[in-house]
Amino acid sequence: MTPFHFIVFLALAASAHEGPPFPVLVDRAAGPYTVSVWADPDVGTGTFFILAEGPEASSAELFVAPASGRLAEARWPAVREPARKGLRFVARPEFDAEESWRFRAVLGGAEVSGAVDVTAPDLGRAGLWLYLLPFLGVGGLWVKALLSARKARP
């Protein structure tokens, strides 16, 4: 196993999510709708986008509960947002812990469900510097090697 393979193996083990919403359910049939759910499930306030193709719906709701069952299911209203095509609703549930959570999205009487892993939110500007440190370190070593090579020439 080469060092490259080892690094790839370690990268595959990292399952935490950072960044924009990601698809949780895609094109799931639910009653007269085809529903997709995208999520950015962070501890604190998470964001769920419920996207649907089908007849007009005036409202949508999101229900979340820890997969462990330690809390009862909580209801969060989803607010309609303008969309170029289809329906788009946004719900912002509150999560109190990093763990697996079940969700149900109800739209016009139709329902889809799934699970997400809630992760800690990013570190903002401090996180940028933290993630940048290894690259700065490698760059510093590269500059040091160049300067050492220049001094070694007669």
Side-chain angles (χ1 to χ4, degrees), residues 1-140:
M1 178 183 273
T2 68
F4 174 75
H5 289 102
F6 183 69
I7 290 169
V8 170
F9 173 74
L10 288 177
L12 292 175
S15 62
H17 169 71
E18 290 290 334
F22 59 94
V24 178
L25 298 175
V26 178
D27 296 339
R28 183 79 50 99
Y33 301 100
T34 301
V35 180
S36 296
V37 177
W38 287 59
D40 183 12
D42 290 332
V43 172
T45 303
T47 305
F48 281 72
F49 295 93
I50 303 165
L51 311 169
E53 297 285 330
E56 197 65 26
S58 59
S59 67
E61 297 175 311
L62 183 75
F63 297 86
V64 296
S68 65
R70 66 180 179 81
L71 295 174
E73 186 175 66
R75 176 190 163 279
W76 297 92
V79 176
R80 176 110 186 244
E81 289 190 340
R84 284 189 222 152
K85 181 180 173 190
L87 305 168
R88 175 178 160 155
F89 294 90
V90 179
R92 290 187 167 70
E94 295 287 329
F95 297 107
D96 68 343
E98 276 187 72
E99 62 183 303
S100 184
W101 288 70
R102 294 184 321 268
F103 71 88
R104 291 187 306 125
V106 179
L107 172 70
E111 181 179 310
V112 293
S113 61
V116 293
D117 289 328
V118 173
T119 58
D122 67 4
L123 302 174
R125 196 176 294 270
L128 173 67
W129 287 107
L130 179 66
Y131 301 140
L132 192 59
L133 279 175
F135 297 100
L136 292 174
V138 169

Self-check item: Pair Val43-Thr119, side-chain contact (heavy atoms from CB on, under 4.5 Å): steps then yes or no
Solution: CA-CA 6 Å; Val43 172; Thr119 58; over 6 Å; no

Exercise. Could you go through the side-chain contact (heavy atoms from CB on, under 4.5 Å) check for Leu71 and Asp96 one step at a time?
Key: CA-CA 10 Å; Leu71 295 174; Asp96 68 343; 3.7 Å; yes

Evaluation steps, side-chain contact (heavy atoms from CB on, under 4.5 Å), between Arg88 and Phe49: CA-CA 7 Å; Arg88 175 178 160 155; Phe49 295 93; 3.2 Å; yes

From CA spacing to verdict: side-chain contact (heavy atoms from CB on, under 4.5 Å), Glu99, Val118: CA-CA 5 Å; Glu99 62 183 303; Val118 173; 5.8 Å; no

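Looking at every heavy atom in both residues, Pro93 comes nearest to Leu62 through CG-CD2, 3.8 Å. Shown here for Ser100 and Ala115, the closest heavy-atom pair between the two residues is OG-CB, 4.4 Å. Leu87 approaches Pro55 most closely through the heavy-atom pair CD1-O, 3.5 Å. Here the closest heavy-atom approach between residue Gly109 and residue Val106 is recorded as N-CG1, 4.4 Å. For the pair Arg102 and Pro66, the tightest heavy-atom approach, listed with the atom from each and the gap, is NH1-O, 3.3 Å. The minimum heavy-atom distance linking Ser113 with Arg104 is given by the pair CB-CG, 3.9 Å.
Ring geometry for Trp101 versus Phe95: interplanar angle over 60°, hence perpendicular rather than tilted (30 to 60°).
Interatomic distance, CD of Glu94 versus CG of Asp42, reported as 11.0 Å (0.5 Å rounding). Rounded to the nearest 0.5 angstrom, Phe89 CZ and Glu81 CD are separated by 10.5 Å.
Residues Phe48 and Pro21 are not in side-chain contact: their nearest non-hydrogen atoms beyond the backbone lie 4.5 Å or more apart. Between Ser36 and Leu25 there is no side-chain heavy-atom pair separated by less than 4.5 Å.
When the shell of 6.0 Å around CZ of Arg28 is examined, it contains 12 or fewer heavy atoms from other residues, nucleotides or ligands.
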